[in-house]
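As a basis for the values below, the full set of heavy atoms in this structure was taken, side chains included, without hydrogen atoms, waters or symmetry mates. None of the values given here were measured: they were computed from a predicted structure. Position 1 is the first residue of the sequence; numbering continues from there.
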Amino acid sequence: MAQSSGFYIDGQWVPPSRRQPAAVINPATEEAIDTIDLGSEADVDRAVAAAKHAFTSFSNTSREQRIALFDRIIDGYQARFDDLADTITREIGAPTWFSREVQTGMALRHFIHTRDVLKDYSFEYMMGTSLVRREAFGVCGLITAWNWPLLLIASKLAPALAAGCTVILKPSELSPLSAIVLAEVLHDAGVPPGVFNMVMGDGPTVGDAISCHPDIDLISFTGSTRAGIQIAKAAADTVKRVHQELGGKSANIILPDADLSVAVPDGVRRAFINSGQSCIAPTRMLIQRDQMDAALRIAKETAEAMTVGEPTAATTRLGPLANAAQYGRVQDMIGLGIAEEATLLCGGLGRPEGLQGGYYARPTIFSGVTRDMRIAKEEIFGPVLSIMAYEDEEDAIELANATVYGLAAYVFSSDRVRAHEVAKRLRAGRVFVNGAPTDVIAPFGGYKQSGNGRESGVFGLEEFLEVKAVLGYESQ
């Protein structure tokens with residue numbers, strides 16, 4: 001690692017105001033692989049001052065200048081692609097293939113597609129006799145989680161830069177190393193001093209300092225609903241705009257006319273993507289009661305065919321959970337499911353056979369899960385799937401919506417029209433129909449306690465733009 005101590009502020013790496021080292025742990029080995037500094041309120045103050053100073057000039061750069069900057073960032077990112085992917089594997093345990101194809105690849109797509117949006121976006125238009133302008137919102141605090149360390153940054157940073165905003169990034173202190181490599185990419189691409197700043201640290205210290213800072217205009221946060229509530233409260237006194245992408249407990253409705261041999265394996269694999277550490281994972285599979293036996297057989301076969309192992313092994317499908325705390329929570333929730341008397345279809349407590357160390361969890365499926373069980377209501381964030389029975393389509397829709405969350409939902413049916421009619425009735429910000437792939441252009445965000453605001457594409461750009469009306473413009 002070229003740089004793993006200090007913070008990136010005002011175009012250079014600077015030492016922390018006080019030394020508070022923290023180890024970064026490889027979850028596959030449970031050993032420290034690097035040490036970073038944790039920041040303080042004073043470090044945030046320095047970063048905010050740099051961003052505030054840089055905002056006036058950067059917000060007035062032309063579209064062409066920002067496009068050229070994006071071109072350099074994208075070229076630099078591609079040149080460091082292997083470094084970024086390898087770092088993600090080391091810091092969160094994602095299998096090598098997944099780090100490359102999904103974690104690192106999807107983050108790159110956010111920069112590419114945001115550049116494309118920027119090329120054609122209309123920042124001004126007439127409405128009657130008034131000019132409507134969209135202008136850079138200001139100084140933005142970006143706070144991201146550990147499970148998608150590059151993707152979450154890119155989905156916020158790319159539109160913020162395209163809008164002309166300046167930023168202070170706090171990546172998760174549990175997976176900060178890929179963010180350090182990205183900071184090197186941005187520096188080498190010539191991002192002007194003060195436009196991008198990064199302070200590592202924990203939520204109660206650096207996260208809170210960003211959230212309540214009077215000179216930060218907007219907060220964009222991805223993480224737990226609990227942490228999102230605290231950020232919103234801290235931001236309230238300075239009346240910031242707050243975007244939040246929070247937790248999920250997504251339902252996957254497999255309608256009776258669906259091909260179970262396709263729909264069930266797809267649902268299991270999506271539930272376990274990133275070792276289940278994904279906020280949109282379809283962790284509640286809803287099966288019509290008469291089809292339950294066949295669905296359970298397919299689900300069990302699919303889960304048991306997944307290889308859990310060392311992230312760099314070619315045969316590994318699932319790596320370890322990303323950190324010790326998450327491993328402990330997943331074990332607790334599996335134990336809770338057993339205590340709640342759900343039927344353990346496969347998996348269970350402890351590590352998979354043959355793995356003596358590392359934060360590896362067994363791919364686990366519970367059947368006979370009812371809506372009152374905690375495993376049906378709470379986000380587990382691990383490779384744990386709850387299969388639930390429904391009676392008819394109305395019952396399935398009601399059950400899918402019976403959650404405090406609303407980030408994503410899934411529908412499978414051989415009748416596409418029917419699937420889309422069901423999708424319309426689901427209270428979720430993104431609905432996947434018949435195994436559709438993800439789309440980094442389509443808006444992404446949640447209903448209810450899954451957050452507010454949207455990321456990706458035009459919607460993501462507009463979250464970082466303020467609206468101004470210039471009245472009487474036509475008559476001038």
Side-chain angles (χ1 to χ4, degrees), residues 1-24 34-55 58 87 91 137-146 148-150 152-158 160-161 165-188 191-223 227-228 230-231 234-235 238 240 242-244 464:
M1 186 64 59
Q3 174 72 45
S4 58
S5 63
F7 311 126
Y8 189 78
I9 298 176
D10 206 17
Q12 59 186 325
W13 292 97
V14 300
S17 58
R18 58 176 173 81
R19 289 287 178 186
Q20 186 179 351
V24 180
D34 213 326
T35 301
I36 61 165
D37 291 306
L38 299 181
S40 65
E41 184 177 343
D43 298 309
V44 173
D45 285 342
R46 285 192 294 168
V48 173
K52 185 178 180 180
H53 178 76
F55 176 72
F58 187 66
T87 301
E91 67 183 352
F137 205 95
V139 177
C140 302
L142 313 181
I143 303 174
T144 57
W146 46 261
W148 296 86
L150 274 181
L152 299 179
I153 293 171
S155 65
K156 303 174 188 302
L157 177 61
L161 295 178
C165 296
T166 57
V167 306
I168 301 93
L169 168 67
K170 189 200 90 65
S172 171
E173 71 278 16
L174 300 176
S175 56
L177 302 182
S178 55
I180 292 172
V181 180
L182 179 61
E184 295 170 354
V185 169
L186 298 172
H187 179 86
D188 292 344
V191 174
V195 171
F196 169 80
N197 307 275
M198 182 172 70
V199 179
M200 274 76 76
D202 60 24
T205 306
V206 173
D208 185 68
I210 290 173
S211 301
C212 66
H213 202 290
D215 290 330
I216 290 181
D217 304 293
L218 178 153
I219 301 291
S220 183
F221 169 72
T222 296
Q230 294 302 313
I231 286 172
T238 49
K240 292 176 174 51
V242 180
H243 310 157
Q244 298 176 319
F464 290 91

Could you report the tightest heavy-atom contact between G138 and F55, atom names first, then the distance? CA-CE1, 3.4 Å
Could you check if a side-chain atom of V242 sits within less than 4.5 angstrom of a side-chain atom of F221, using non-hydrogen atoms only? no
Would you name the heavy atoms of T238 and P214 that are closest together and state the gap between them? CG2-CA, 3.9 Å
When you measure from the side chain of D217 to the backbone of V139, do you find a donor-acceptor pair of N or O atoms at a distance under 3.5 Å? yes
Under a 4.5 Å cut-off applied to non-hydrogen side-chain atoms, are I180 and M198 in contact? yes
Give the minimum heavy-atom separation between R18 and G39, together with the two atoms involved. NH2-O, 4.2 Å
With rounding to the nearest 0.5 angstrom, report the CG to CG distance, L186 to N197. 11.0 Å
Just by modelled atom types, is the G201 backbone N or O under 3.5 Å from a matching donor or acceptor in the K170 side chain? yes
Do L169 and L157 make a side-chain contact, defined as non-hydrogen atoms from C-beta onward lying under 4.5 Å apart? no
Minimal non-hydrogen separation, P176 against I36, with atom names: CG-CD1, 3.7 Å
Less than 4.5 Å apart, any side-chain heavy atom of F7 and any of I168? no
If you measure from SG on C140 to NZ on K156, what distance do you get to the nearest 0.5 Å? 11.0 Å
Let me see the working for S155 and T222 under side chain to side chain contact (heavy atoms under 4.5 Å, CB included), right down to the final yes or no. CA-CA 10 Å; S155 65; T222 296; 5.6 Å; no
Minimum heavy-atom separation for P21 and R19, please, with both atom names. CD-C, 3.9 Å
Just how far is it from atom CG of D45 to atom OG of S40, taken to the nearest 0.5 Å? 8.0 Å
Do the ring planes of F196 and Y8 sit parallel (below 30°), tilted (30 to 60°) or perpendicular (above 60°)? tilted
Q20 atom CD, over 12 foreign heavy atoms within 6.0 Å: yes
How close do T144 and P171 get, counting heavy atoms only, and between which atoms? OG1-CA, 3.5 Å
Is the shortest heavy-atom distance from the side chain of K52 to the side chain of T166 under 4.5 Å? no
What distance do D202 atom CG and S172 atom OG have between them, rounded to the nearest 0.5 Å? 10.0 Å
Taking D34 for the side chain and A23 for the main chain, is one N or O donor matched with an acceptor at less than 3.5 Å? no
Output for pair (T205 OG1, M200 CE), nearest 0.5 Å, gives 14.5 Å
Can any side-chain N or O of S175 pair as donor or acceptor with the backbone N or O of W146 at less than 3.5 Å? yes
State, yes or no, whether a side-chain contact exists between V206 and D43 at a heavy-atom distance under 4.5 Å. no
Can you measure from NE2 (H213) to NZ (K240) and round to the nearest 0.5 angstrom? 8.0 Å
